[in-house]
Amino acid sequence: MSRRRISLRQELPLLVWLVIVWAALWQDFSPGNLLFGAILAVAVARMFYLPPVDLSGRFNILHAVPFALSFMGKVVAASFQVMYLAAVRGPTVTNAVVAVPLRSHEDLMVTATGHVISLIPGSLVVEVDRSTSTLYLHGLNLSTPEDVEKLRREVRDIEAGLIRIMGTRQELDAIRQEAAA
Amino acid sequence: MNPEPTAVDTVIDAVSAVFMVVGALMSLAAAVGLLRFPDLLSRMHAATKPQVLGLFLLLASIGLQMRTWWVWPVLLVAWIFQLLTVPVSAHMVGRAGYRTKHLHRELLSSDELEAVVQKAAAKASREDASDGGRPD
């Protein structure tokens with residue numbers, strides 16, 4: 001095989017996820033079913049070989065829980081905002097395409113940030129520049145430069161939150177220095 | 001199922017009723033947005049995003065009504081797959097829509113991508129004119 005082998009430890013989150021999906025679909029978490037799911041997961045991961053995702057090796061659950069809660073809060077608030085805009089403003093809504101340069105150059109981090117910001121109503125990723133890790137977002141109801149700046153700050157905050165959860169050490173240090181400055 | 005509803009049953013029924021109504025309201029918001037918003041990109045917001053919350057609320061009310069914890073992992077997996085796929089489809093449609101100019105520029109207050117696209121297009125046409133080949 002031409003690609004470099006990935007260690008079992010690096011593959012483990014994927015395998016665990018596959019076993020959980022298997023057991024959830026069968027609605028059966030008995031040891032026998034889990035074992036059979038694990039065998040299938042290993043077989044699938046061996047046969048359908050995907051490019052390895054570079055995980056940073058850290059995952060901070062203490063930051064993940066508040067992040068998930070604030071994410072749900074934002075989704076709820078923004079869903080009602082989009083509903084209001086659709087009902088009241090409708091055809092006269094003003095939008096903007098905003099460039100947001102991200103700190104991280106990791107593919108996983110750019111993808112995660114793009115996903116989170118896309119899931120929050122009112123913003124959607126139109127284009128990604130991988131070489132400079134810049135996201136181009138389409139934002140709903142942005143009429144003034146202040147609104148644009150606010151969206152940009154929000155995206156940078158989301159990225160900072162994700163780096164605190166699962167960024168590399170270097171990115172984490174950069175965030176800490178930025179916060180201290 | 002005991003015929004006499006307890007206080008817990010009443011609370012669960014009330015919560016799931018609220019969840020279902022609000023979840024359905026989110027579908028209504030998506031439909032209204034599809035009709036009312038002026039261009040493809042703003043319609044994408046209405047069509048995809050309220051469903052993140054709408055589906056969550058409807059799945060949660062199913063989970064509350066089923067009263068077995070076996071059903072929660074399936075619902076969670078269904079929601080997570082939705083979370084993983086919605087941004088990708090929104091991005092693909094949005095990107096294609098932007099490139100094929102299915103948007104009303106007069107409704108954009110600023111467009112920081114246009115200059116980048118034009119620069120790239122100018123560079124590509126210059127390279128095409130000079131040697132007709134790909135430099136990289």
Side-chain angles (χ1 to χ4, degrees), chain A residues 17 20-29 72 75-100 111 114-129 132 134 136-145 147-148 152, chain B residues 22 25-26 28-39 41-46 48-54 56-57 68 70-78 80-84 86-88 90-91 93-95 97-99 103-104 106-117:
Chain A
W17 166 242
I20 290 174
V21 171
W22 172 260
L25 291 179
W26 279 106
Q27 303 193 21
D28 178 6
F29 283 84
M72 276 314 285
V75 166
V76 172
S79 291
F80 282 101
Q81 204 193 347
V82 170
M83 191 160 87
Y84 166 79
L85 284 172
V88 177
R89 293 284 298 282
T92 59
V93 72
T94 316
N95 309 316
V97 176
V98 187
V100 187
T111 312
H115 253 81
V116 171
I117 196 68
S118 287
L119 286 169
I120 295 173
S123 49
L124 121 97
V125 178
V126 177
E127 193 67 81
V128 183
D129 187 345
T132 58
T134 306
Y136 295 92
L137 304 169
H138 181 267
L140 202 61
N141 192 28
L142 303 173
S143 48
T144 60
D147 293 342
V148 169
R152 197 172 287 146
Chain B
V22 177
L25 210 62
M26 288 294 141
L28 180 69
V32 171
L34 272 182
L35 282 174
R36 300 254 307 154
F37 281 137
D39 62 355
L41 283 174
S42 36
R43 279 181 186 151
M44 286 303 297
H45 290 291
T48 57
K49 305 316 161 50
Q51 292 320 310
V52 176
L53 180 62
F56 173 79
L57 292 174
T68 55
W70 296 116
V71 79
W72 281 96
V74 191
L75 301 177
L76 192 68
V77 165
I80 286 176
F81 276 124
Q82 184 82 0
L83 291 191
L84 289 175
V86 156
V88 178
H91 167 61
V93 176
R95 179 183 148 118
Y98 187 90
R99 293 194 171 193
L103 75 168
H104 294 288
E106 70 276 8
L107 291 175
L108 291 179
S109 63
S110 74
D111 187 350
E112 293 166 0
L113 181 54
E114 193 182 14
V116 182
V117 170

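- A donor-acceptor pair under 3.5 Å is absent between the side-chain atoms of B:Arg95 and the main chain of A:Val126, judged by distance alone.
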A:His138 and B:His45: side chain to side chain contact (heavy atoms under 4.5 Å, CB included), yes or no, with the steps?
-> CA-CA 9 Å; A:His138 181 267; B:His45 290 291; 2.9 Å; yes
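- Here the closest non-hydrogen pair linking B:Arg36 and A:Ala87 is NH2-O, 3.2 Å.
- Counting heavy-atom pairs closer than 4.5 Å to chain A, the top-ranked of the candidates B:Ala30, B:Gly33, B:Gly94, B:Ser42 is B:Ser42.
- Using a 4.5 Å heavy-atom cutoff, the side chains of B:Pro87 and A:Val125 are not in contact.
- In this structure, no portion of B:Leu34 lies under 4.5 Å from any heavy atom of chain A.
- Contacts between B:Val22 and chain A at a heavy-atom distance below 4.5 Å involve the side chain alone, from C-beta outward.
- Between chain A and the residues B:Val52, B:Leu83, B:Leu35, the most heavy-atom pairs under 4.5 angstrom are made by B:Leu83.
- When heavy atoms are compared at a cutoff of 4.5 Å, A:Phe29 approaches chain B by way of both its backbone and its side chain.
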Could you walk me through whether A:Gln27 and B:Trp72 pass the side chain to side chain contact (heavy atoms under 4.5 Å, CB included) test, one step at a time?
-> CA-CA 9 Å; A:Gln27 303 193 21; B:Trp72 281 96; over 6 Å; no
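- Counting only distance, with no hydrogens or angles, the side chain of A:His115 and the backbone of B:Leu84 share a donor-acceptor pair below 3.5 Å.
- When each of B:Gln51, B:Met26, B:His91 is scored by its heavy-atom pairs under 4.5 Å with chain A, the top score falls to B:His91.
- Top candidate by heavy-atom pairs under 4.5 Å with chain B, chosen from A:Ser143, A:Ala86, A:Ala23, A:Ser118, is A:Ala86.
- The heavy-atom pair separating A:Pro91 from B:Pro38 by the smallest distance is O-CG, 3.6 Å.
- Counting heavy-atom pairs closer than 4.5 Å to chain B, the top residue among A:Thr111, A:Val76, A:Val148 is A:Val76.
- Comparing B:Leu41, B:Val32, B:Leu28 by how many heavy-atom pairs each has under 4.5 Å with chain A, the most go to B:Leu41.
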Kindly determine whether B:Asp39 and A:Asn95 satisfy side chain to side chain contact (heavy atoms under 4.5 Å, CB included), including the steps that lead there.
-> CA-CA 10 Å; B:Asp39 62 355; A:Asn95 309 316; 4.3 Å; yes
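- Listed by chain and residue number, nothing satisfies the side chain to side chain donor-acceptor pair (under 3.5 Å) test with A:Thr94 (two or more places apart in sequence, or in another chain).
- Every residue meeting the side chain to side chain donor-acceptor pair (under 3.5 Å) condition with B:Tyr98, not counting sequence neighbours, appears here in chain and number order: B:Asp111.
- Using a 4.5 Å cut-off between heavy atoms, A:Ile117 does not touch chain B at all.
- Scanning both residues, B:Ala90 and A:Leu124, for their nearest heavy atoms gives O-CD1, 3.3 Å.
- Looking at B:Val86, only its side chain comes within 4.5 Å of chain A, counting heavy atoms on both sides.
- Only the side chain of A:Trp17 comes within contact range of chain B, with at least one heavy atom under 4.5 Å from a heavy atom of that chain.
- One finds the CZ atom of B:Phe37 at 5.5 Å from the CG atom of A:Leu85 (value rounded to the nearest 0.5 Å).
- The most heavy-atom pairs under 4.5 Å with chain B, out of A:Thr92, A:Val93, A:Val75, come from A:Val93.
- Residues A:Met72 and B:Leu53 share a closest heavy-atom pair of CE-CD1, 4.5 Å.
- With a threshold of 4.5 angstrom between heavy atoms, A:Val100 does not approach chain B through any atom at all.
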